[in-house]
Structures are given as structure tokens and as C-alpha cells.
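Input: a single structure, listed below in C-alpha cells.
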Amino acid sequence: MANPEGVEQAVRALKRAQIVALPTETVYGLAARADDAEAVARVFAAKGRPSFNPLIVHVADQRHAATLAQWTNTAQCLADAFWPGPLTLVLPRANDAPIADLALAGLDTIALRAPAHAVTRAVIAHTGPLVMPSANPSGRLSPTSAMDVSRAFTFTEAGAGDAQIALILDDGPTRHGLESTVVGLTGARPTLLRAGPITADALAPITGPLSQPDDTPCAPHSPGRTLAHYAPARARLRLDATTPTPGEAYLAFGPSLFSDLNLSPTGDLIEAAANLFRHLRALDEAGFSHIAIAPIPRRGIGVAITDRLERAANVQR
Ligand code: TXA
Ligand code: MG
């Protein structure tokens, strides 16, 4: 468990322009001070992340966010309802926002989120805004435990090397298991840029019907919406599979006659979201080259689960 000394150590490392892995209520993140170009560059290097893909800036609260963006009524209503929590808002950036250009990939918009996790909130209270992409090599499964992070990166106590992580704060498995919902507030109507734990149905009373971004592979509205993403390291995925074929692992959902692992034996979508990346990683590491996945209902957080699976299944091998 992360303790006050852990928080202090993380704050010290961040103030020295090092990068640290922190738990959030969605997935573990790789944090750097958002105003420190060198530290932000280390995050891109550690992840192997393309520099055109901007990072989410994590803040303490709405007051803080409003100093970095051109805050709107809709942003205020959404933050009142869902912050701190798993919701990211994309807004026009404030001209004088003290955020490294690299963090925003040169865009004139900024993605903002106030995370709910107590440990990370304690860190942010001392450091100010932090960029925090999911703590995985670019394109791979997001980490839902400290172990996932430590297996994907090299660590150094001094945090010396360019692409190395100074420390990781372990606070057990993450609650939601999927990345935050991302809502774009820069156009005429709010847009659902990434499905997540806050569902479209939960947002609609505030935003009205959300429009879907009209992506083309070359010009996605949100640069991270590339079609191939969230992939296991080796295994190929087959979706909406009611039975496995010989040699395939079967990732079940609900009561099932066959299953190597089950996302939720009782058919609970929230439990399935929390288990998704963990189970995919476990089957991949067990050496299966093919994983068949049971149909997942496209309602509630099932929409976000399906979104991640479809992108992961798109990865060419
Ligand atoms: O739950 C989360 O959001 C986690 C935790 C650690 O907070 N973070 C996370 O960050 O998922 P990342 O970098 O893995 O995903 C951020 C997504 C990317 O798809 C990126 O393209 C999009 O947000 N994004 C960031 N800034 C944007 C902007 N200005 N406009 C549109 N999309 C943006
Ligand atoms: Mg990510």
C-alpha cells in the first residue's frame, strides 16, 4: 500500500523532473510535471509514444482546471457531476497555460481530468498539474496493477536514464480497470472521444445526445483513437465468439460451459471491465497465440469494453 513516505518520495522525484508511476481509479499512470518539458519528454520516451499523441493533464479540481482551459458552462456542469472521477474533458487551452507544448502535441486544445484516487490526489496537491498517460508501452494493454507496470518498464533508484522510471506507488488493483471517458467540448456539440466508466447515458442529461467523432484513420479527432491499440503482446483476438476452436483460449462472460478465464461469471459488466486487461494479459502470458472472447452486451460500460476489444483485435501481427 502507498503510504505518506511513498507520496513524499514521489513528490520529490517529480520535482526533480523524474517520472513516477501512480495508481488512479481507472488504470496506473506514468506521471511527470506538466510544466516541465524535459520530464514530459521522458514520458514519451519511456512509452515509445508518438509525439503527435497528446497527454491528459491531471489536476486537483475544477478551479485548477479553469486556469488551464477556456472553461465553459458544460465543462462546469460535467465537473460538478463527475469530478473527481474517471471523466476527461477536452477544451480550448488557455493561452498562458503553463503546460509544456510537447504534452499537448502542439494542439490548441487541452485534455483535463481530476482523478479520484486519494494517493494521486495527495501527490498532485504538492506538485501541481501532472501529465499521466496509462503506464504501458504505447499501443499495449493498460496496467491495472503495480506489477503490470513493473514488468513493462525498467526502474532505477536514481531515475537517471532518459527513459527510466524513478518509482511506482503500489495501491493494489485499480477500481474501474478501463481508462477514463473522454468528452470533447471544442465543437458545436459535445463529442464522445473515448467510451469509458462514465457512460453516454450518464452524460446525456447534462450534454444532450453526444455526437460521435467522424474519424478517418489519417485524421482522428483524438489522436489516440488509432484503430489498433490496447493489444496483448502476442495473442490475436477473435470477438463475439460463442465457442472456442481447438487451440484457442476462451475468455468467457457470464455462466459458461467452457472458459479459460471468465470476465464475470455472474454477467456483471462493471466486474468485467475491472478484469478485462488483467485477464487478457494473463492469457497472453500463459502462451496462447489466439484468444476467443465471448459476446459482451453493448450497454453501460459494455460499450467501453467492446471499444477496447475492437481496437485490440485490429492489431496486425
Ligand atoms: O484514465 C485515464 O485517462 C488514464 C489515467 C492514468 O488517468 N490516462 C490515460 O491517458 O488513459 P492516455 O494518454 O493513455 O490516453 C489519453 C487519450 C489519448 O487517446 C489521447 O489522444 C487523448 O486522450 N487526448 C489527449 N489530449 C487530447 C486533446 N487535446 N484532444 C483530443 N484527445 C486528446
Ligand atoms: Mg493509454
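The first residue in the sequence is number 1, and the count goes up from there. As the structure lists them, so they are numbered: ligands from 1, and atoms in each ligand from 1.
Donor-acceptor pairing under 3.5 Å is lacking for the side chains of S134 and E179. At a cut-off of 3.5 Å, with distance as the only test, a side-chain donor of D80 or Q62 sits close to an acceptor on the other residue. Between the side chains of R311 and N314, no donor N or O sits under 3.5 Å from an acceptor N or O.
When each of T174, T24, D171 is paired with H117, the side chain to side chain donor-acceptor pair (under 3.5 Å) condition holds for D171 and for no other.
Residue contact annotation: H176 has no non-hydrogen atom under 4.0 Å from ligand 1. The closest approach between a heavy atom of R93 and any atom of ligand 1 is not below 4.0 Å.
Remark: among candidates V90, T186, V27, the nearest residue to atom 30 (N) of ligand 1 is V90, based on non-hydrogen atoms. When the heavy atoms of K47, M132, E179 are ranked by distance to atom 6 (C) of ligand 1, first place goes to M132.
Contact atoms of ligand 1 toward T26: 1 (O), 2 (C), 4 (C), 5 (C) (distance under 4.0 Å to a heavy atom of the residue). Distances below 4.0 Å separate heavy atoms of S180 from the following atoms of ligand 1: 1 (O), 2 (C), 3 (O). Of all atoms in ligand 1, listed by their number and element, those nearer than 4.0 Å to a heavy atom of S134 are 8 (N), 9 (C), 10 (O), 12 (P), 14 (O). Atoms of ligand 1 found under 4.0 Å from any heavy atom of H58 (numbered from 1 in listed order, with element): 5 (C), 7 (O). Less than 4.0 angstrom separates some heavy atom of A111 from each of these atoms of ligand 1: 25 (C), 26 (N), 27 (C).
Contact check for L261 versus L263: no side-chain heavy atoms found under the 4.5 Å cut-off. Inter-residue side-chain proximity for T191 and L210 is flagged as unmet; no heavy-atom pair is nearer than 4.5 Å. Residues V90 and I110 form no side-chain contact, since every pair of their non-hydrogen atoms from C-beta on lies 4.5 Å or further apart. T245 is listed as a side-chain neighbour of R238, based on a closest heavy-atom distance under 4.5 Å.
In this structure, N73 places its CG atom where only 12 or fewer heavy-atom neighbours from other residues, nucleotides or ligands lie under 6.0 Å away.
Contacts with ligand 1 closer than 4.0 Å are made by heavy atoms of both the backbone and the side chain of T109.
In terms of N/O distances under 3.5 Å, ligand 1 is not approached by Y28. Between T24 and ligand 1, no pair of N/O atoms sits closer than 3.5 Å. Residue contacts with ligand 1: T88 is placed with no nitrogen or oxygen under 3.5 Å of a nitrogen or oxygen of the ligand (distance criterion only).
Not one N/O/S atom of S142, from backbone or side chain, sits under 2.8 Å from the Mg ion (ligand 2).
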